[in-house]
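What you are looking at is a predicted structure, and each value in this text was computed from that prediction instead of being measured.
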Amino acid sequence: MIVSQTPEFHVGDRVWVYRESSYAAVESAVVLEAPADRSLRLEYGDGHRGHLRAGRVELLAPGSGGPPGT
């Protein structure tokens with residue numbers, strides 16, 4: 001389960017992803033897809049992509065609603 005103070009995420013949102021090992025370890029990412037199962041498909045700052053099903057995520061900046069870079 002994803003834990004967040006943000007009720008829902010949208011394509012293009014920039015988020016902080018907190019790593020399980022430490023709340024001091026964070027990565028920024030862009031939401032590529034927000035499926036109905038409340039998981040997130042993300043593209044991280046270094047270019048790799050992942051499907052996050054559990055963890056702590058918080059909104060950094062709302063997106064444009066379009067693909068990353070728009």
Side-chain angles (χ1 to χ4, degrees):
M1 174 172 65
I2 292 179
V3 177
S4 180
Q5 292 181 12
T6 305
E8 67 180 42
F9 295 96
H10 301 94
V11 171
D13 285 350
R14 292 176 41 214
V15 296
W16 288 122
V17 179
Y18 293 85
R19 292 294 164 197
E20 291 180 18
S21 60
S22 168
Y23 282 117
V26 297
E27 287 186 80
S28 64
V30 175
V31 176
L32 299 177
E33 186 180 350
D37 67 2
R38 298 196 37 89
S39 65
L40 294 172
R41 293 195 185 274
L42 303 170
E43 181 173 327
Y44 294 88
D46 64 3
H48 81 275
R49 294 180 177 198
H51 189 177
L52 187 68
R53 294 178 182 90
R56 182 161 179 87
V57 179
E58 294 301 342
L59 185 65
L60 173 61
S64 63
T70 61

By side-chain contact (heavy atoms from CB on, under 4.5 Å), Leu60 pairs with (sequence neighbours left out) Arg14, Trp16
Listed by chain and number, what are the side-chain contact (heavy atoms from CB on, under 4.5 Å) partners of Pro35, not counting sequence neighbours?
Glu33, Asp37, Ser39
How long is the straight-line distance from CG of Leu59 back to CG of Asp13, given to the nearest 0.5 Å?
5.0 Å
Going by heavy atoms in the side chains, are Thr6 and Val57 under 4.5 Å from each other?
no
Taking C-beta and beyond as the side chain, do Val31 and Val15 meet within less than 4.5 Å on heavy atoms?
yes
Verify side-chain contact (heavy atoms from CB on, under 4.5 Å) between Val17 and Leu52, making sure each step is shown before the conclusion.
CA-CA 9 Å; Val17 179; Leu52 187 68; 4.2 Å; yes
On a heavy-atom basis, the closest approach of Glu58 and Val3 is OE2-O, 4.4 Å
For Ala29 against Tyr44, the heavy-atom pair lying closest together
CB-CD2, 3.8 Å
The criterion is salt bridge (Lys or Arg N to Asp or Glu O under 4.0 Å); which residues satisfy it with Arg53, sequence neighbours excluded?
none
Quick one: salt bridge (charged side-chain N to carboxylate O under 4.0 Å, His left out) pairs with a partner in residues 2-12, sequence neighbours left out?
none
